[in-house]
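Read through the structure below, which is laid out as structure tokens, and then see the notes.
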Amino acid sequence: MIVRKSPREIEKIAAAGALVAETIAHVGSLIAPGTTTDELDAAADSYIRERGGIPTSEGYRGYPKAICISPNEIVVHGIPGPYPVSEGDVITIDVGVTLDAYIADSAYTFAVGEIDADAQRLLDVAQDALEAGIAEARVGNRVGDISHAVQTVVEAAGFSIVRSLVGHGVGRHYHEDPHIPNFGEPGRGPRLAEGMTIAIEPMITAGSSEVVVAPDGWTISTADGSLSAHFEHTVAVLEDGPRVLTPRVGLVRT
Ligand code: MF3
Ligand code: CO
């Protein structure tokens with residue numbers, strides 16, 4: 001069942017989304033060679049709580065940390081720990097915040113210092129794909145229109161889509177219906193209607209689309225060790241077009 005939100009509820013998700021965006025920018029400002037992902041997680045945890053929010057991931061299905069931090073070949077759900085960030089890494093920061101009982105979810109992949117041209121292209125394409133998906137989040141379109149737009153951008157660039165992981169409805173719960181796959185046919189799937197709030201989140205790789213789950217039960221990495229990128233926004237489907245509820249602050253690209 002897809003829950004549509006009232007204008008009042010959408011403002012609450014937007015308030016959570018503003019805190020998500022500020023947290024991503026704050027963590028991004030702390031990313032530097034030598035900083036551990038545990039230190040970044042602790043900074044995110046206090047930043048969110050000091051502003052009245054709750055890190056949604058903490059305790060979600062037993063997840064042990066405040067946010068997910070996924071370096072390099074880790075696609076999603078990297079658990080913060082002793083890993084020290086190093087020059088040339090790409091680091092995905094994925095943040096969910098619950099504020100006043102409403103939830104927003106967003107992710108951004110940061111480059112640490114100078115990265116390879118190929119790595120930079122992977123990040124650029126993932127962002128382009130997210131933007132193309134958001135543009136299709138319109139009343140009357142179908143989920144497949146979003147999926148197809150994302151897929152087209154990623155595959156035209158020669159990169160792979162992780163098919164076993166998908167975007168999702170979000171707002172009252174972290175993960176709601178519908179699934180938002182990053183591949184699919186235009187004109188297929190559930191119809192988008194006013195008030196739906198969805199997380200669109202291309203997860204792409206420079207190599208194969210296969211992923212493996214680590215023994216910790218969370219960390220999902222590319223099977224071939226290739227680099228991956230992940231960008232996510234929470235978006236409201238409104239009569240006058242898509243509204244990004246997690247607009248970037250303090251970053252070079254939206
Ligand atoms: N933020 C992730 C998403 O985009 C969900 C993380 S669940 C967690 O859907 F428990 F690992 F944090
Ligand atoms: Co999500």
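We're numbering straight along the sequence, starting at 1. Note that ligands are numbered from 1 as they come in the structure, with each ligand's atoms numbered from 1 the same way.
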Worksheet, complete the sentence: Listed as residue and atom, the protein N/O/S atoms under 2.8 Å from the Co ion (ligand 2) are Asp105 OD2, His168 NE2, Glu201 OE2, Glu232 OE2
Discussion item. Looking at every heavy atom in both Val85 and Ala32, which two are closest together, and how far apart are they?
Written reply: CB-O, 3.7 Å
Worksheet item: What protein heavy atom is closest to atom 2 (C) of ligand 1, reported as residue, atom name and distance in Å?
Response: Asp94 OD2, 3.3 Å
Item to complete: Measure the distance from atom 10 (F) of ligand 1 to every protein heavy atom, then report the residue, atom name and distance (to 0.1 Å) of the closest one.
Response: Tyr63 CB, 3.3 Å
Worksheet item: Between Pro55 and Ile48, what is the shortest heavy-atom contact and its length?
Response: N-CG2, 3.8 Å
Item to complete: Answer yes or no for His175: is there a heavy-atom contact with ligand 1 below 4.0 Å?
Response: yes
Practice prompt. Check each heavy atom of Cys68 against ligand 1 and say whether those closer than 4.0 Å belong to the side chain, the backbone, both or neither.
Written response: side chain
Practice prompt. Quick one: list whatever passes ring pair (Phe, Tyr, Trp, His ring centres under 6.0 Å) with Phe183, sequence neighbours left out.
Written response: none
Worksheet, complete the sentence: Numbered in order shown, the ligand 1 atoms found under 4.0 Å of a heavy atom of Glu232 are 4 (O)
Worksheet item: Any nitrogen or oxygen of Ser57, main chain or side chain, under 3.5 Å from a nitrogen or oxygen of ligand 1?
Response: no
Discussion item. Before you tell me yes or no, could you show the steps for Leu238 and Val139 under side-chain contact (heavy atoms from CB on, under 4.5 Å), namely the whole-Å CA-CA distance, both residues' side-chain angles and the distance that decides it to 0.1 Å?
Written reply: CA-CA 7 Å; Leu238 301 176; Val139 172; 6.0 Å; no
Worksheet item: Hey, which atoms in ligand 1 end up nearer than 4.0 Å to a heavy atom of Tyr60?
Response: 7 (S), 10 (F)
Worksheet entry | With Thr246 via side chain to side chain donor-acceptor pair (under 3.5 Å) - residues at least two apart | His233
Practice prompt. Considering the heavy atoms of Glu201, write down every atom of ligand 1 situated less than 4.0 Å from one of them.
Written response: 3 (C), 4 (O), 9 (O)
Worksheet entry | Donor-acceptor under 3.5 Å (Arg191 side chain, Arg142 main chain) | no
Practice prompt. Note the single closest protein heavy atom to atom 11 (F) of ligand 1, along with its residue, its atom name and the distance in Å.
Written response: Trp218 CZ3, 3.3 Å
Practice prompt. Please identify each residue that fulfils ring pair (Phe, Tyr, Trp, His ring centres under 6.0 Å) with His175, with sequence neighbours left out.
Written response: Tyr60, His168
Discussion item. I want to know if ligand 1 touches His168 in the polar sense, i.e. an N/O pair below 3.5 angstrom.
Written reply: yes
Worksheet item: Measuring from the heavy atoms of Arg61, does anything fall under 4.0 Å of ligand 1?
Response: no
Item to complete: Check for a donor-acceptor pair, side chain of Ser70 on one end and backbone N or O of Gly78 on the other, with a separation under 3.5 Å.
Response: yes
Discussion item. I'd like to know whether ligand 1 has Glu58 as a neighbour, heavy-atom separation below 4.0 Å.
Written reply: no
Worksheet item: Are any of the N/O atoms in His230 less than 3.5 Å from those in ligand 1?
Response: no
Discussion item. I'd like to know if the side chain of Asp128 reaches the main chain of Glu131, judged simply by a donor and an acceptor atom lying under 3.5 Å from each other, with no hydrogens or angles considered.
Written reply: no
Practice prompt. Test Lys5 against every option in Glu176, Glu11, Glu194 by the salt bridge (charged side-chain N to carboxylate O under 4.0 Å, His left out) rule and name the one that passes.
Written response: Glu176
Worksheet item: Considering only protein heavy atoms, which is closest to atom 3 (C) of ligand 1, and at what distance to one decimal place?
Response: Asp105 OD2, 3.3 Å
Practice prompt. Report yes or no: does Asp41 contribute a side-chain atom to a donor-acceptor pair with the main-chain N or O of Ile67 at less than 3.5 Å?
Written response: yes
Fill in: Mutual orientation of the aromatic rings belonging to His26 and Tyr47 [parallel < 30°, tilted 30-60°, perpendicular > 60°]
parallel
Discussion item. Taking Gly184's backbone N and O only, do any of them form a donor-acceptor pair with Ser147's side chain (distance below 3.5 Å, no angle check)?
Written reply: no
